[in-house]
Structure formats: C-alpha cells, structure tokens
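Shown next, in structure tokens, is the structure this report addresses.
In what follows, residues are counted from 1 in the order of the sequence shown. Note: hydrogens, waters and symmetry copies are ignored here, and every other heavy atom, side chains too, is used.
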Amino acid sequence: MRSIRAAAVGAVTMSLALAASACGGGSSTEGGSNDSPKTLTYWASNQGASVEIDKKVLQPELDKFKKQTGIEVKVEVVPWSDLLNRILTATTSGQGPDVLNIGNTWSASLQATGALLPWDAKNFEAIGGKDRFVDSALGSTGAEGKDPAAVPLYSMAYALYYNKKMFADAGIAQPPTTWAEFVEDGKKLTKGGKWALGVEGANPSENIHHAVVFAKQHGGDFFTADGKPDFTNDGAVAGVKEFVDLMAKDKVIAPGNAEYAQNQSVSDFAKGKTAMLLWQSASANLKSQGMSEDSFGIAPVPVQSGTPGTGTGVNSMVMGINLAVFKNSDNLDGAKKFVKFMTSDAEQKILNTAYSSIPPVKGAQADPAFNTPANGVLKNTLATSAVAAPQVADESQFETAVGTAIKGLFADAAAGRAVTTASVKAALEKAQAQMPAA
C-alpha cells in the first residue's frame, strides 16, 4: 500500500463487508456485463504529493487508452484516508467503480468480500499471462491457494532516506545499518529545533507496516501459522515498543508527530526539518516538494544487527498498489483491457517512473531506468529482505486495531506518559480483543 495512507476503518464496517457479496450486474458468470462498452470508472489511489499531481500523471495515459480503444475512463483520485472506507461501502452496496486501486495489504480482506473479479488463468491470459509479473508482487494479491483478487501495478519497499548535509554537519559519515547506530545517530541529529526522524504516529496503516517489520526483527509475528491473531507474543511487543520508544525514550522524534497522518513527515523531511525518513519509494514525492535529488541519500532500513536479509533481517514489507476490477462491472471486457494497458511494459515504465516505484512487471523492471543506485536499494530489498503482509481475511481489521493501538501509544509518548513493556502489551491485548471471533 502506498505511503500517504490513513485508513482507520472500524471493524464493524469490515465485518459487514466480509458478510456481503457484491450485487450482480448482468448475466455474465463473472457477475458483471458489457452493457456500457464505451466508458469505465476508475478509483485511483493518491500516489503523489497531491491529488492534483496524480491527475496530471494519469490523464495523459487515460487519453492514450481512449485513443487506442475508444473507451473513456472517468478517474477519481481518492485520498488514502477515504479509500478503504469507500471500497468497503461499495462492496456492500454494489455501487462501486469498474476498476480501482487497492493497497496490496488489503488484498486478502477484500478478496473475502466476494466483490472483486478473481484473476484466474483465463483472466490472466487476457492481460498477457501471469508469468509477466514478479513473484514477490504476486504474493500480495490474495490468500494463498486462491485465484488473486487483483493484479500488481506498482511495487514499493521501505528505505531509509537521509539528508546528506545534516548528516555531514553532525559528523556522521555513513547512514546507520543497525538499530543501535540508528538511535545513536538520531541523538546526534536531534538539535537546534530539528529532529532526527519523522513518522506518521496517527496513521494506523503506516504504523502497522513498521510494527510488522520490527516484530519480525525480534522474531515475532502478529498471526500464527494457521492465521489466528497473536498480538501479544514477546517479539510483537518488543517490536512495537522499540518503534514507539524512538519518541518515548530516545527522544529523536518530535512529539507533534503523534498527530501526523497525511504525509506531514515527508514534507518535514523535504523542508529540512528532519534528517531521516522511513518511507516507501519517496524520491518522486520529495522532488515534487522541491528537494533536490542529490541532497538526500537512500539506504536499507536498519536491522538489529548484521545485514538485511530473511528471518530477523527483514527490513520492509512488500509494499505496493494492485489493480482490481469490481465483479459487477458494466464493462468487464473494457476493464480487462484497461488492466492490460496499465500493466503493459510501456505504461509500467511511464507510471512507475512518475511515482519512483518499481514495476512489478518483469519486462519493465529490466529497463535501465529502474537500475539506478536508488532503485537498486528498493529492488534488492524486495528481492531479499521484505516480507508480505499477513494474507488473512482479517488483515484490514488488524491494520485498524493494532495501528490504532500504536497511535494511542504515540499519544502517550507525546504527552509524557510512560510507555512500558506492560503498557504496550496491554494495548495490543485490547487490539486483539477487537478482532472477529474465529
């Protein structure tokens, strides 16, 4: 899922969605029809620094699609704070777009609603074949053993973005590689009204991505092997505490970040207010906010010790945006043509260049444009040290429950209240109690 998200949607809404299936729109066995062959509606996620920037990126490509096919695509760029809620409402009402972007972490949850078109062998063949896509991206398209609920569009990984001048002024020659170095450098960088790191403390989904990674670094997972919630194991508690302690104990994050939820930490970094940022594929966003490309560096997210890799060396989730089709679309054939167009090698190069993301399509990913040193960090992370989000039907409730718990812990830290192992465990225990009964 993309970086500007703040999808704090209640478990009740999701439970309603999971209990419902989309309303059928036609006689097709797939649920929809081709009653409106000349138009498509498309909900695009907000990928750039603003909705307006996204419209400027997308509209020329939509015009190109219309010229090729005669199909007009009416696009709405939906902010991350609204997107999941809008999608869930559409799954219960049957009044959704033809095509939509979904954060890849939502794939299994939205798949469980039954509202999305399954990408079986026949449907993949219609867009050029499943083998065109990178395996790591396909791993976040739905529950294991089921036909994917969506098709990868943009791939992303977390990285450490650092301000070169602020590092040099603090006497730091290289970006940190371990967590101990990260905290040590952070304390050197926090001075003169500027802070070491920016986070989105009030953004449940952003919190979740870090929590999953840091729990992995402590040998923990939030779900058991059979998909049951396990939020209070030692590794999960330690990972969450270590994250919140950057504000509560280490004092390298400004208390005001506890209220950040909409890209403010990226803006602070771009303006030189913070020296480091843990973010997904942020280069284009930073440049659009006036930060020159040579003023920041990109490095792997630090790990506990050693170097990034599998197991406890995990330093990112497999992030990204998928394209999905509502099963009750009035233009199923056109929707598939649009997915084929958007995932073509040519469009993948254009769109992923615009958003500084990595194409999940093998042919486009091999293009020299995506073999820069910066992209090398992201591609290597995706290939060697990233983990997929839990592909369970309750993933969206997990994001809301645990992400909101971490939001509360950041609020405690900002207010000067103690954040202890016991208080973290109690917050996660409360979050687990909000999950649907097995």
Could you go through the ring-ring contact (aromatic ring centres under 6.0 Å, His included) check for Trp80 and Trp43 one step at a time?
CA-CA 11 Å; Trp80 281 103; Trp43 285 355; over 10 Å; no
Pair Phe214, Trp179 - check ring-ring contact (aromatic ring centres under 6.0 Å, His included), show working.
CA-CA 10 Å; Phe214 300 146; Trp179 195 266; 4.8 Å; yes
Apply salt bridge (charged side-chain N to carboxylate O under 4.0 Å, His left out) to residues Lys165 and Asp169 and explain how you reach the verdict.
CA-CA 6 Å; Lys165 184 178 186 303; Asp169 290 346; 2.9 Å; yes
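Checked by atom type and distance alone, the side chain of Lys251 pairs as donor or acceptor with a backbone atom of Ala248 at under 3.5 Å. At least one donor-acceptor pair under 3.5 Å links the side chain of Thr113 to the backbone N or O of Leu110. For the pair Ser288 (side chain) and Asn285 (backbone), a donor-acceptor distance under 3.5 Å is present. Formation of a donor-acceptor pair under 3.5 Å by the Asn207 side chain with backbone atoms of Gly201 is found in this model. Without hydrogens or angle criteria, Ser109 side chain to Ala393 main chain gives a donor-acceptor distance under 3.5 Å. Between the side chain of Asn233 and the main chain of Gly235, a donor-acceptor pair closer than 3.5 Å is present. At distances below 3.5 Å, not a single donor-acceptor pair connects side-chain atoms of Glu61 with backbone N or O atoms of Leu351. Checked by atom type and distance alone, the side chain of Asn163 pairs as donor or acceptor with a backbone atom of Met166 at under 3.5 Å. One N or O on the side chain of Thr400 and one on the backbone of Ser396 form a donor-acceptor pair closer than 3.5 Å. Under a 3.5 Å cut-off, the side chain of Ser155 and the backbone N or O of Gly320 do not form any donor-acceptor pair.
Side-chain atoms of Asn46 and Asp54 include a donor-acceptor pair closer than 3.5 Å. Side-chain atoms of Asp268 and Thr274 include no donor-acceptor pair closer than 3.5 Å. Between the side chains of Asn322 and Ser107, at least one donor N or O sits under 3.5 Å from an acceptor N or O. One side chain, Ser265 or Glu200, offers a donor N or O that lies under 3.5 Å from an acceptor on the other. A donor atom on one side chain and an acceptor atom on the other are found under 3.5 Å apart for Thr177 and Glu181. Judged purely by distance below 3.5 Å, without hydrogens or angles, the side chains of Glu399 and Ser205 pair a donor atom with an acceptor atom. For the residue pair Asp230 and Thr224, no side-chain donor N or O sits within less than 3.5 Å of a side-chain acceptor on the partner. Side-chain polar atoms of Asn315 and Ser385 form a donor-acceptor pair below 3.5 angstrom.
Note on ring orientation: taking the six-membered ring where Trp is involved, the planes of Phe398 and Phe222 are tilted (angle from 30° to 60°). In this structure, Phe341 and Phe65 have tilted ring planes: the angle between them lies in the 30° to 60° band. Under the 30°/60° scheme for interplanar angles, the aromatic rings of Tyr154 and Tyr355 are found to stand perpendicular.
A salt bridge between Glu76 and Arg86 is present, with a side-chain N of the basic residue lying under 4.0 Å from a carboxylate O of the acidic one. We find that Glu52 and Lys55 are not joined by a salt bridge, their nearest charged nitrogen and carboxylate oxygen being 4.0 Å or further apart. Between Lys362 and Asp131 there is no salt bridge, since no side-chain N of the basic residue sits under 4.0 Å from a carboxylate O of the acidic one.
Counting heavy atoms from C-beta on, the side chains of Leu189 and Trp195 never come closer than 4.5 Å. Between Met317 and Thr105 the shortest side-chain heavy-atom distance falls below 4.5 Å.
Within a 6.0 Å sphere centred on NZ of Lys164, heavy atoms belonging to other residues, nucleotides or ligands number more than 12.
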Throw together a table of side-chain donor-acceptor distances under 3.5 angstrom for residues 414-421, partners on residues two or more places apart or in other chains.
from: Arg417; atom 1: NE; to: Asp412; atom 2: OD1; distance (Å): 2.8
from: Arg417; atom 1: NH2; to: Asp412; atom 2: OD1; distance (Å): 3.0
from: Thr420; atom 1: OG1; to: Ala422; atom 2: N; distance (Å): 3.4
from: Thr420; atom 1: OG1; to: Ser423; atom 2: N; distance (Å): 3.0
from: Thr420; atom 1: OG1; to: Ser423; atom 2: OG; distance (Å): 3.4

Exercise answer: donor-acceptor pairs, residues 293-305 side-chain atoms, under 3.5 Å, sequence neighbours excluded:
from: Asp294; atom 1: OD1; to: Ser292; atom 2: OG; distance (Å): 2.8
from: Ser295; atom 1: OG; to: Ser292; atom 2: O; distance (Å): 2.7
from: Ser295; atom 1: OG; to: Ser292; atom 2: OG; distance (Å): 3.3
from: Gln304; atom 1: NE2; to: Gln217; atom 2: OE1; distance (Å): 3.1
from: Gln304; atom 1: NE2; to: Glu242; atom 2: OE1; distance (Å): 2.8

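Every side chain to side chain donor-acceptor pair (under 3.5 Å) that Asn101 has, sequence neighbours left out, goes to Tyr42, Ser45. Residues passing the side chain to side chain donor-acceptor pair (under 3.5 Å) test with Ser267 are Gln289, sequence neighbours excluded.
A salt bridge (charged side-chain N to carboxylate O under 4.0 Å, His left out) check over residues 370-379, counting only residues at least two apart or in different chains, returns nothing. Residues in residues 407-426 take part in these ring pair (Phe, Tyr, Trp, His ring centres under 6.0 Å) pairs, two or more places apart or across chains: Phe243-Phe410.
Between Pro176 and Met276, the shortest heavy-atom contact is CG-SD, 4.4 Å.
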